[in-house]
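For reference, the structure is listed below as structure tokens.
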There are 2 protein chains.
Amino acid sequence: MIEQSVGDVMTHSVRTVSVEATGSAVARLFAANGIGSAVVVDEADNVLGIVTESDLMQQVASDADVTAVQVGSFMSAPVVTTTSAASIDAAAELMHEHSIRRLPVVDDGHLVGMLTTTNLAHYIPRLRDAIRRARTGSKRS
Amino acid sequence: MIEQSVGDVMTHSVRTVSVEATGSAVARLFAANGIGSAVVVDEADNVLGIVTESDLMQQVASDADVTAVQVGSFMSAPVVTTTSAASIDAAAELMHEHSIRRLPVVDDGHLVGMLTTTNLAHYIPRLRDAIRRARTGSKRS
């Protein structure tokens with residue numbers, strides 16, 4: 001119904017961190033790159049979980065020592081993922097269902113991107129154009 | 001083109017904080033309510049700015065003492081706002097243009113809600129249905 005797929009709108013560059021990274025290191029990574037999440041991987045680049053601004057916020061809220069607390073202790077795992085071939089509206093529904101804002105995109109075991117609610121929001125004006133085209137088709141038929 | 005407006009998809013309950021609130025207090029507010037931003041208001045409830053997880057993240061990243069640093073020193077101000085009557089795709093374009101993920105919704109000087117990229121992402125399956133209806137109309141005409 002919506003012809004474009006996750007791969008067309010996702011962010012291709014994804015930052016990864018290890019379970020040993022500290023809260024402070026993750027905060028610096030987020031701030032330096034203007035991002036709100038990173039995928040947690042092991043040495044073989046297998047996806048172990050995701051760490052988000054909200055996860056880190058809860059550490060700050062509970063007065064954890066963010067210079068010492070490690071990602072492995074507060075990441076979200078297991079993580080819900082999608083594939084680059086998935087439809088955009090299926091991915092949107094998956095986010096809604098799990099109350100999450102980010103989906104790592106994994107093809108054949110390899111992390112290839114990240115889909116966020118921001119990617120989806122930026123896609124809305126293009127959806128508007130799809131509706132316009134569908135209606136124009138209606139008038140011409 | 002997209003008939004529904006910002007008021008139909010926005011979050012109606014918006015948390016507000018004062019410029020004197022500390023980073024820690026804001027982190028606790030975010031964590032306790034599962035939110036990522038709050039609107040900064042003065043005593044007369046005038047909108048002064050917005051404070052987001054990312055703003056707080058930058059304080060953590062720069063090793064600020066979050067138990068002491070006050071919202072007024074690190075909030076985003078002035079803040080881009082929309083109205084409940086604005087179209088959803090215009091709001092999506094506004095977010096894209098300013099690289100922001102949240103728009104306080106202000107009607108006649110009163111804060112009435114918040115529109116986030118999450119609200120917009122949840123709206124996408126409904127847009128898909130609008131496209132489907134437009135195409136069905138095409139076949140029937």
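The figures here come from the full heavy-atom set of this structure, side chains too, leaving out hydrogens, waters and symmetry mates. Naming convention: chains lettered A, B, ... in sequence-line order (proteins, then strands); numbering from 1 in each chain.
Tracing side-chain contacts under 4.5 Å through hydrophobic residues (I, L, V, M, F, W, Y), one never reaches A:V40 starting from A:I50; they form parts of separate clusters. Both B:V69 and B:F30 sit in one connected hydrophobic cluster of ILVMFWY residues. Membership requires side-chain heavy atoms under 4.5 Å apart, directly or through other members. A:V79 and A:L48 fall into different hydrophobic clusters, defined by Ile, Leu, Val, Met, Phe, Trp and Tyr side-chain heavy atoms under 4.5 Å apart, directly or through other members. No path of Ile, Leu, Val, Met, Phe, Trp and Tyr side chains, each step under 4.5 Å between heavy atoms, connects B:M114 with B:L94, placing them in separate hydrophobic clusters. By the rule that hydrophobic residues join a cluster once side-chain heavy atoms approach within less than 4.5 Å of another member, B:V39 and B:V106 end up as members of one cluster.
Inter-residue side-chain proximity for B:L120 and A:L120 is flagged as unmet; no heavy-atom pair is nearer than 4.5 Å. Side chains of A:I124 and B:I124 form a contact here, defined as non-hydrogen atoms less than 4.5 Å apart. Between A:H122 and B:E93, the closest side-chain pair of non-hydrogen atoms is not below 4.5 Å.
Between the OG1 atom of B:T67 and the CG atom of A:D63 there is a distance of 8.0 Å, given to the nearest 0.5 Å. For the atom pair OG1 of A:T52 and CE of B:M57, the computed distance is 8.5 Å after rounding to the nearest 0.5 Å.
For the set B:V26, B:T116, B:L56, the count of heavy-atom pairs under 4.5 angstrom toward chain A peaks at B:L56. For the set B:S54, B:S62, B:A32, the count of heavy-atom pairs under 4.5 angstrom toward chain A peaks at B:S54.
Listed here is the closest heavy atom pair of A:D89 and B:P125: O-CG, 4.1 Å. Residues B:A31 and A:A61 approach most closely at CB-CB, 3.8 Å, considering heavy atoms.
Contact of A:R126 with chain B is not made at all, since no heavy-atom distance falls under 4.5 Å.
A salt bridge links A:E53 with B:R101: the closest approach of a Lys/Arg side-chain nitrogen to an acidic carboxylate oxygen falls below 4.0 angstrom.
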